[in-house]
Novice: 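Take a look at the following structure, please.
This structure is a prediction, so every number in the text was calculated from the model and none was measured. Numbers here simply count residues along the sequence, with the first being 1.
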Amino acid sequence: MQLVIVESPAKAKTIEKYLGGDFRVLASYGHIRDLPPKDGSVDPDEGFAMQWENYADKGKQLKAIADEAKKADRLILATDPDREGEAISWHVQEVLRAKKALPQKVDRVTFNAITKAAVTDAMKAPRALDEDLIDAYRARRALDYLVGFTLSPVLWRKLPGAKSAGRVQSVALRLVVDREREIELFRPQEYWSVFADMEQDGQGFIARLVRFQGEKIDRLTIGNAGDAEKAKQAVEAGRFSVASVETKPLTRNPPPPFTTSTLQQEAARKLGFSASHTMRVAQALYEDGAITYMRTDGVQMDGSAISAARKAVADRYDGSYVPDKPRQYTTKAKNAQEAHEAIRPTDFSKDKAGSGDHARLYDLIWKRALASQMASARLERTTVEMTDGTGQTALRATGQVVLFPGFLALYEEGRDDQEDEDSRRLPRMAEGDAPAKKAVHSEQHFTQPPPRFSEASLVKKMEELGIGRPSTYASTLQTLKDRNYVRIEKNRFFAEESGRLVTAFLERFFERYVSYDYTAGLEEELDEISGGRAQWQAVLEAFWKDFKPKTAQVMEQKPSDITAALDTFLEPFLFPDKGDGSDPRLCPNCGEGRLGLRGGRFGAFVACSNYPECKYTRRFAQGGGEGENGDAGPAELGEDPVTGEKVTQRSGRFGPYIQLGEGKDAKRASIPKDVPGEDFGIEWALKLLSLPRTIGDHPESGKPITASIGRYGPYLAHDGKYARLQSTTEVFETGMNAAVVKLAEAASGGGRRQGSREPLKVLGAHPRTELEIKLMEGRFGPYVTDGTTNATLPKTLAPDQLTLEEAAQLIDDRAAKGPTKGKKKPAAKKAPAKKVPAKKAAPKKAAAKKKAE
């Protein structure tokens, strides 16, 4: 028997079907072990020796693999064809060796697509494990561990409120923060445009003013309303005719097939997918055999795939859409080093695969790959210039005509910016024509700052700079969101205060390690290890030699010195010049003290130097106000009219809260997210501190009904039964009648039994077990169930975007982990202790007594 190891059960099932009866295919469910998050997991003093630890939830699967391995004549490691896949195979081999279950013959095979031909061909060409790739994996893993577990404790101790730092994570965050700084420093400049609505042969077009009073007009020439009005009047008064028509042929070539990075970018632009969702869907398509491997830097396609694509183009269009020669692409990405193909369909004759998001992503991959082997588009760019009788004023219209669409008939690459005028259609015009002038307009504009990064543009920038690897971008960006260092609004990244503070700290004290050039250079060194041109321990030694003393140096500094340095470093952001000659550091409360950055238990905040006489504080962010929600020190809101004690607003581990009084007996209440920040004050604070609110006695039971806010939000309570409320406002406004109705509805339809609730959605039959899968709303959020296994939805997966395939995989993964650790088995009943007969015990006691005497 031959044992084959892959990553996922879906992949295992497909491959076992291809290989036949002599093969047993098992899944490792991804990585089986890792460096435990504790000191000593990587020991720089012992050649960077690593202490690996098996994942606790993989015990059952590892036992199954070991049991089968003992019976196998040959072990075939068939994990993914990249560095991580090589690492998983190496881990499996090492664990089996430790269990004394490793077969004598061990082979490594790789395939770029899960098709019968690809898998069977791979089995005929086995190789040994690639030690260079394994060394590269160990170097990256050790480096990320050393940076994370050396730098993060420095943050925790010297920058309260900071959560973590990472080799790539921190540099990606700096990109977002740097863009935020550019936007803040940007000073908009006013300018005006003048244009006319024209018409020729019934077709309308727009012509812009490009010359006025004999002077050339560029974008910023007309800077005020007065000049714009003069120019507008001149255009209105002029009689314009076509002075010249210039046509220029253009050729547009198709873009290459997708790499990991370009797939993430285009899926974000066209489908609105996050990078993590794109990779999750692509993984499923790969495991279904629909596409080639989705983690790649390569843009080339196999010769047989190019031939298949050209044939598909010829079948779909006519011969003019097939170029004379096959197109060959080479990657331009910095640090590109993957050997396998671009992402493409495994079968170009299939223009559809899967459903929902899977179908949408497949369609994008199929069109891009097919278009890459289509003919170029031929266009004609036309520029028409019109002048008045004097020649002092001129208008210009630009546009383009598609002469032959070529690849554009199937696919056009998305854009991050707006469509320009050159892409508009123009009517046919000749010299001497006098198009009709319908209206003249003048519009005010302001120059715009650089746009904030979208996921697509941030991924593109990271790839251009050579920061990280495309296969890790999704998890890197997700970490920034999970740490609350950034937030997403309208698909754009905004730097949060905590992210800005961490970046400032790292730039001030670890500038080298968050610089773009250094990070890209280190990435190149790691790639040298993959190619066998560098020794992994030597690369780590060179890094650690400088990094360790630097962290020790920062750890020795006093927190007050850290804060003072950050105060100076962040001065332009914390205390921006208002432009009116006033001192931005002067305390607005007492008018005497100086504002400065201070470190608190839960993060940094700005406070007056006259504290405690002056209690002015504000958030770390510029423009914050006294008592504003945020990471600040205690901000006094007022006094409780009953007790006379002070009510303060604070920030804690779990977010902003209010406190009545001081010391251990102080009463506290969290500030719900749906309470408007601009309305928050002493009235809201006192209401929250007064909870729970008693609505009255239930008309049937006579027992009280209360409204309050708990861990899972606002709710009603009565006699051990609960009902959810939709908002914080309802806690204070719900009356007796409404409360009784809500409690009755919850009792009849909101029990814990699954059968008593309606599903949010019925997804369909599980593709492997055929059990019906439902999407449900649970106490801890949405989850999927097949009636036997429940699986919680990850935060990164939106319930309304969930597909049947994703739900089935979640259930399979949860089932593979076995029962939840928290559920203890009932204790076995102990057998009653056997009583020793008195007659047998007596002689021993007598002997002991005699010996003692």
Side-chain angles (χ1 to χ4, degrees), residues 191-222 225 227-254 270 316-321 371 374-415 417-445:
Y191 69 98
W192 290 72
S193 63
V194 177
F195 59 94
D197 294 334
M198 312 287 284
E199 186 178 287
Q200 173 78 1
D201 296 333
Q203 183 177 344
F205 64 97
I206 292 175
R208 292 192 175 273
L209 179 67
V210 293
R211 189 163 66 247
F212 177 52
Q213 296 178 344
E215 298 292 330
K216 182 182 177 182
I217 300 293
D218 60 26
R219 190 177 67 145
L220 301 178
T221 300
I222 304 175
D227 290 345
E229 185 59 29
K230 292 177 184 177
K232 179 184 175 184
Q233 290 174 1
V235 175
E236 287 174 335
R239 298 184 64 178
F240 291 86
S241 61
V242 176
S244 65
V245 178
E246 180 184 341
T247 59
K248 183 179 180 181
L250 293 175
T251 300
R252 283 182 60 185
N253 296 321
K270 289 192 170 182
R316 189 179 181 91
Y317 305 95
D318 61 48
S320 62
Y321 285 82
M374 291 178 69
S376 301
R378 296 196 305 274
L379 306 99
E380 187 177 75
R381 186 176 186 271
T382 303
T383 302
V384 178
E385 188 155 313
M386 293 165 282
T387 59
D388 64 355
T390 66
Q392 295 293 297
T393 306
L395 302 175
R396 181 179 296 160
T398 57
Q400 65 184 23
V401 177
V402 177
L403 302 177
F404 172 68
F407 75 93
L408 292 176
L410 178 66
Y411 177 84
E412 184 163 11
E413 191 170 22
R415 303 163 58 109
D417 52 359
Q418 297 296 317
E419 186 178 24
D420 56 27
E421 292 181 13
D422 287 351
S423 61
R424 294 175 179 170
R425 301 293 296 270
L426 283 180
R428 191 168 294 279
M429 288 180 278
E431 190 174 333
D433 287 348
K437 183 171 53 181
K438 296 296 185 181
V440 181
H441 311 273
S442 62
E443 280 189 0
Q444 183 187 35
H445 309 275

Novice: Give the intermediate values and the outcome of side-chain contact (heavy atoms from CB on, under 4.5 Å) for residues Ser376 and Arg252.
Specialist: CA-CA 6 Å; Ser376 301; Arg252 283 182 60 185; over 6 Å; no

Novice: Taking the inter-plane angle between the rings of His445 and Tyr191 on a 0 to 90° scale, is it parallel (under 30°), tilted (30 to 60°) or perpendicular (over 60°)?
Specialist: parallel

Novice: Could you go through Gln400 and Thr382, starting from their C-alpha distance and side-chain angles, then the distance that decides it, and tell me whether this counts as side-chain contact (heavy atoms from CB on, under 4.5 Å)?
Specialist: CA-CA 6 Å; Gln400 65 184 23; Thr382 303; over 6 Å; no

Novice: Hey, could you give me the CG/OG1 distance between Leu379 and Thr251, rounded to the nearest 0.5 Å?
Specialist: 8.0 Å

Novice: What pair of heavy atoms forms the shortest contact from Pro405 to Ala377, and how long is it?
Specialist: O-CB, 3.1 Å

Novice: Could you tell me whether a side-chain N or O of Lys437 sits under 3.5 Å from a main-chain N or O of Glu236, the two making a donor and an acceptor?
Specialist: yes

Novice: Check side chain to side chain donor-acceptor pair (under 3.5 Å) between Gln444 and all other residues, then give those that pass, not counting sequence neighbours.
Specialist: Glu190

Novice: Salt bridge (Lys or Arg N to Asp or Glu O under 4.0 Å): which pairs involve residues 383-392, sequence neighbours left out?
Specialist: Arg211-Glu385, Glu385-Arg396

Novice: Compare every heavy atom of Ile206 with every heavy atom of Ala397, then report the nearest pair and how far apart it is.
Specialist: CB-O, 3.5 Å

Novice: Does Ser244 have any side chain to side chain donor-acceptor pair (under 3.5 Å) partners at least two apart in sequence or in another chain, and if so, which?
Specialist: none

Novice: If you take all heavy atoms of Thr393 and Phe240, which pair is closest and at what distance?
Specialist: O-CE2, 3.7 Å

Novice: Dump the intermediate steps for ring pair (Phe, Tyr, Trp, His ring centres under 6.0 Å) on Phe404 and Tyr321, then the final yes or no.
Specialist: CA-CA 9 Å; Phe404 172 68; Tyr321 285 82; 4.8 Å; yes

Novice: Nearest 0.5 angstrom please: Glu431 CD to Met386 CE, how far?
Specialist: 13.0 Å

Novice: Checking Glu199 against Gln203: is there a side-chain donor and acceptor pair closer than 3.5 Å?
Specialist: no

Novice: Between atom CD of Glu229 and atom CH2 of Trp192, what is the distance when rounded to the nearest 0.5 Å?
Specialist: 8.5 Å

Novice: Nearest 0.5 Å, what's the CG-OG1 distance between Asp227 and Thr221?
Specialist: 10.0 Å

Novice: Could you list the residues that satisfy side chain to side chain donor-acceptor pair (under 3.5 Å) with Arg378, not counting sequence neighbours?
Specialist: none

Novice: Which heavy atom of Ala371 sits nearest to which heavy atom of Phe407, and what is that distance?
Specialist: O-CB, 3.8 Å

Novice: Please evaluate residues Tyr317 and Leu410 with respect to the criterion side-chain contact (heavy atoms from CB on, under 4.5 Å), reporting the C-alpha separation (whole Å), side-chain torsions for both, the decisive distance (0.1 Å), and the verdict.
Specialist: CA-CA 10 Å; Tyr317 305 95; Leu410 178 66; 3.5 Å; yes

Novice: Is the side chain of Gln392 donor-acceptor paired with the backbone N or O of Gly214 at a distance under 3.5 Å, no angle test?
Specialist: yes

Novice: From Arg381 CZ over to Leu426 CG, what is the distance, rounded to the nearest 0.5 angstrom?
Specialist: 10.0 Å

Novice: Donor-acceptor pair, Asp218 side chain versus Leu220 backbone, under 3.5 Å?
Specialist: yes

Novice: What's the separation between atom CD1 in Ile217 and atom CG in Leu395, rounded to the nearest 0.5 Å?
Specialist: 11.0 Å

Novice: side-chain contact (heavy atoms from CB on, under 4.5 Å) with Ala231: which residues, sequence neighbours excluded?
Specialist: Val194, Leu209, Phe212, Ile222

Novice: Minimum heavy-atom separation for Asp201 and Arg428, please, with both atom names.
Specialist: OD2-O, 4.2 Å

Novice: When you look at Glu443 and Phe195, which way does the side-chain contact (heavy atoms from CB on, under 4.5 Å) test go after all the steps?
Specialist: CA-CA 9 Å; Glu443 280 189 0; Phe195 59 94; 3.6 Å; yes

Novice: Is any side-chain heavy atom of Asp197 less than 4.5 Å from a side-chain heavy atom of His441?
Specialist: yes

Novice: List for me each residue that meets salt bridge (charged side-chain N to carboxylate O under 4.0 Å, His left out) alongside Glu413, sequence neighbours excluded, and say none if there are none.
Specialist: Arg368

Novice: Restricting to non-hydrogen atoms, name the atom on Pro435 and the atom on Met198 that form the minimum distance, rounded to 0.1 Å.
Specialist: O-CE, 3.9 Å

